[in-house]
> 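Got a structure for you, written out below as structure tokens; questions coming shortly.
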Amino acid sequence: MLVLVGSAAVCLGTGEVEARSAVGEAEQRVNACYMAAAEAQKARANVTDLLLVLDDAGMLLCKAHLALEKGDFDSAYALAVESRAKLDGFDVEANALRDSASQARSMDFAVNVVGSGVGSVMVVVVAFVVWRLSKKEYPAPEGGV
Amino acid sequence: MDVQKYGVTYWSVVAVVALLVASPVLSRMLVWPRTEFFTELWILGADGRAENYPFNISRGSEYRIRLGIGNHLGYCAYYLVEVKFRNETQSRPDSFGPVENRSPSSLEPLLNITAFVADEGFWEFPLKFYFDYDVDAEKTQVTVQSLTLNDIVLSLDGHAAWSSTRSMFLGNMMFELWIYDSASRFFSYHGRFVDLKLNMTVV
């Protein structure tokens, strides 16, 4: 019975409701992945590859919308499913890029900012100590001779 | 060595060394903040230059352009380009006034093109198009049937027929820029568009 119903569904093609639902889900997925990419870039990650994937998924979604408007529900459904498939694992990758960029920034802050700040203070302190030691070792002559 | 003999030189060298060591900190602190945030939108000709734009077009002949977006908004942006087509009597987007107050054309888009552009990044998209149109026997009116854009056939049935003005059958292919607002989760018009003026030649 289930096989017969499934076959009937295939013969009848994708309905408008399924097609619209698939396109809606694909749209939500694209939006969510964009937010993940935006967060990754906020953390200074290189998101070039992620955006190329999003561009492909976005184009498929546009074509799905167009097919929907034309009443070609089979194509709309297929394109929407393909768009979602393109974004499999996207947010995992985006989050990984965001986290590694955040870690790199923390390391950079610790080494470069804190390190160089402390280092420049140390340079001045050491120079001052050397100056004071030199003053003790070579006191200024009395009488001006 | 009595450094006190060379006091000025000594402290000058110390200052230079300290500045060199502090340069990573200073390069982060002494950065002029960005004050201008904007988006660029452009069309280039087939050879990637701002020249040789298609103008006199023939039915069925293919023409190529490049559509580009530059993002200087300070964040990764999600753009939507609405492709529209109008004649001289139909609605066009605003060209004047503050960008944030401009309105798009009221025409329905023929096609939407999405673009995801990183901050300080650029996006360029090649477009090829051709029109299918008919002219009446008296050559006083042109009816545009379809626009094929990157192998996607876009029906223009129902668009107003063209009328001859200035001895030309003028059409206007527009690319309006919209931007996704992550707070409202909707696209809003970004106040920018580019267009191609086309003379649909008849023989």
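Below, all heavy atoms of this structure are taken into account, side chains as well, without hydrogens, waters or symmetry copies. Being a predicted model, the structure only gives us computed values, none of them experimental. Within every chain, numbering begins at 1; the chains are lettered A, B, ... in the order of the sequence lines, protein sequences first and strands thereafter.
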> Which of parallel (below 30°), tilted (30 to 60°) and perpendicular (above 60°) describes B:Tyr78 and B:Phe116?
parallel

> Heavy-atom distances under 4.5 Å only: say whether A:Phe128 touches chain B with side chain, backbone, both or neither.
both

> Tell me, side chain or backbone of B:Ile113 under 4.5 Å from chain A's heavy atoms, or both, or neither?
both

> Which bit of B:Val117 is near chain A, if near means a heavy-atom gap under 4.5 Å: side chain, backbone, both or neither?
backbone

> Examine whether an atom of A:Leu66 lies under 4.5 Å from a heavy atom of chain B, and if so say whether it belongs to the side chain, the backbone or both; otherwise answer neither.
side chain

> May I ask you to check whether over 12 heavy atoms, not counting those of A:Arg44, lie within 6.0 Å of atom CZ?
no

> In terms of ring plane angle, is the pair A:Tyr34 and B:Tyr180 parallel, tilted or perpendicular, where the classes change at 30° and 60°?
perpendicular

> Only pairs of heavy atoms separated by less than 4.5 Å count here; which of A:Ala57, A:Ala40, A:Ala38, A:Gly58 has the most with chain B?
A:Gly58

> Determine the option with the most heavy-atom pairs under 4.5 angstrom with chain B, choosing from A:Leu51, A:Asp55, A:Val123.
A:Asp55

> B:Tyr10 and A:Trp131: aromatic ring centres closer than 6.0 Å?
yes

> Can you label the angle between the B:Trp123 ring and the B:Phe125 ring as parallel, tilted or perpendicular, going by 30° and 60°?
parallel

> Do the side chains of A:Lys86 and A:Asp88 get close enough for a salt bridge, i.e. N-O under 4.0 angstrom?
no

> Pick one of side chain, backbone, both or neither for A:Met35, based on which atoms fall under 4.5 Å of a heavy atom in chain B.
side chain

> Quick one: which of A:Asp108, A:Asn46, A:Val124, A:Val114 has the most heavy-atom pairs under 4.5 Å with chain B, could you say?
A:Asp108

